[in-house]
Amino acid sequence: MNHFLEISAVILSALAVWLTAQRNKLCWPLGLVSVVLYAWIFWHAKLYSDTLLQLTFAAMQIYGWQEWASQKSISNKISVTQLPSKLGVVSVAAGVISSMLLGSLMANLTDASLPWLDAALTSFSLVAQFWMARKYIACWGLWIIVDAIYVCVYGFKNLPLTAGLYVVFVLLASNGLRQWTKALNLQRAF
């Protein structure tokens with residue numbers, strides 16, 4: 001049963017990221033189902049921090065779904081935009097501060113493996129998710145960086161299947177960056 005749930009979560013996650021790259025609003029409900037499945041899986045695996053992250057992602061999925069649903073479009077594809085500089089600086093600062101706070105908590109209060117790196121990846125995953133919900137192309141560059149580091153972390157922790165999934169995420173994020181850049185160029189042409 002757990003194996004089936006994990007396979008389902010992997011497939012839904014990859015499909016949701018692919019749909020996001022295609023600027024299709026269905027990415028959010030599929031993403032919501034995948035993170036809820038992962039929360040269930042991580043809870044039963046007693047990975048409580050990862051469970052909390054997935055629940056936070058669930059809230060971000062709902063936020064993104066609302067953001068994208070509020071945009072009217074004929075083709076079911078959202079318009080994309082550049083990240084405003086000021087918001088970029090504030091978001092990165094929030095990522096750094098939350099990385100330090102969460103890293104300190106994990107380093108001092110738990111037996112977490114790689115507490116500082118894990119905290120930074122968690123924090124910047126949330127920044128990338130927020131940017132994605134707001135339709136900022138910069139989300140893809142951040143996802144590429146975060147997911148590439150996750151590949152190394154999961155490889156180091158001897159989780160080769162999960163590392164492989166994150167290789168796929170890097171490829172999907174690269175495709176997302178290409179697709180959204182193309183879309184923005186088309187939007188500017190009109």
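Computed from a predicted structure; not experimentally measured.
Linking ILVMFWY residues whenever their side-chain heavy atoms come closer than 4.5 Å, directly or via other members, places I62 and L12 in the same cluster. In this structure, L114 is not a member of the same hydrophobic cluster as L105, with clusters built from ILVMFWY side-chain heavy atoms closer than 4.5 Å. Y136 and V89 fall into different hydrophobic clusters, defined by Ile, Leu, Val, Met, Phe, Trp and Tyr side-chain heavy atoms under 4.5 Å apart, directly or through other members. By the rule that hydrophobic residues join a cluster once side-chain heavy atoms approach within less than 4.5 Å of another member, L52 and V36 end up as members of separate clusters. Tracing side-chain contacts under 4.5 Å through hydrophobic residues (I, L, V, M, F, W, Y), one reaches I137 starting from L83; they form part of the same cluster.
Taking CD1 of I97 as the start and CG of L102 as the end, the distance is 13.5 Å to the nearest 0.5 Å. Atom-to-atom distance recorded for L161:CG and Y154:OH is 13.0 Å, nearest 0.5 angstrom. Here T20 contributes atom OG1 and L172 contributes atom CG; the two are 9.5 Å apart, rounded to the nearest 0.5 Å. Here the NZ-CG distance, from K25 to L30, works out to 15.0 Å after rounding to the nearest 0.5 Å. We find the CG-CG distance between L142 and L126 to be 10.5 Å, quoted to the nearest 0.5 Å. Rounding to the nearest 0.5 Å places CG of L121 at 9.0 Å from CG of D147.
In this structure, F130 and M60 have side chains that are in contact, with non-hydrogen atoms separated by less than 4.5 Å. R134 has its side chain within reach of Y63: a pair of non-hydrogen atoms, C-beta onward, lies under 4.5 Å apart. Looking only at side-chain heavy atoms (C-beta outward), W140 and M132 come within less than 4.5 Å of each other. Using a 4.5 Å heavy-atom threshold, the side chains of T110 and P115 count as separate. Side-chain contact between Y38 and V10: present, with at least one pair of heavy atoms (C-beta onward) separated by less than 4.5 Å. Looking only at side-chain heavy atoms (C-beta outward), Q179 and R23 stay at 4.5 Å or farther from each other. The side-chain heavy atoms of P160 and N158, taken from C-beta on, include a pair separated by under 4.5 Å. Proximity of N175 to Q22: side-chain heavy atoms (C-beta onward) are separated by under 4.5 Å at one or more points.
At a cut-off of 3.5 Å, with distance as the only test, no side-chain donor of K135 or S79 sits close to an acceptor on the other residue. With hydrogens and angles left out, the side-chain atoms of W116 and S99 include no donor and acceptor closer than 3.5 Å.
Classified by interplanar angle (parallel below 30°, tilted 30° to 60°, perpendicular above 60°), the ring pair F169/Y166 is perpendicular. Ring geometry for W143 against F57 counts as tilted: the plane angle lies between 30° and 60°, on a 0 to 90° scale.
Open room surrounds CH2 on W43; 12 or fewer heavy atoms of other groups in view lie less than 6.0 Å from it. Heavy atoms of other residues, nucleotides or ligands lying less than 6.0 angstrom from CG of N108 number more than 12.
Residue N24 comes nearest to W68 through the heavy atom pair O-CZ3, 3.8 Å, listed as atom of the first residue, atom of the second, then distance. The heavy-atom pair separating V146 from S125 by the smallest distance is CG1-OG, 3.4 Å. Taking every heavy atom of both residues into account, C27 and L19 meet most closely at CB-CB, 3.7 Å. Across all their heavy atoms, V170 and A148 have their closest contact at CG2-N, 3.5 Å. Scanning both residues, W131 and C139, for their nearest heavy atoms gives CB-CB, 3.7 Å. When all heavy atoms of I144 and A173 are compared, the closest pair comes out as CG1-CB, 3.6 Å.
Side-chain atoms of Q187 come within 3.5 Å of backbone atoms of V80 as a donor-acceptor pair (strictly under, hydrogens ignored). Using a distance-only test at 3.5 Å, with no hydrogens or angles considered, a donor-acceptor pair links the side chain of S70 to the main chain of E67. In terms of modelled atom types and a separation under 3.5 Å, the side chain of T181 and the main chain of R178 share no donor-acceptor contact.
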Worksheet item: Please walk me through it: do F4 and S8 pass side-chain contact (heavy atoms from CB on, under 4.5 Å)?
Response: CA-CA 6 Å; F4 174 75; S8 299; 3.6 Å; yes
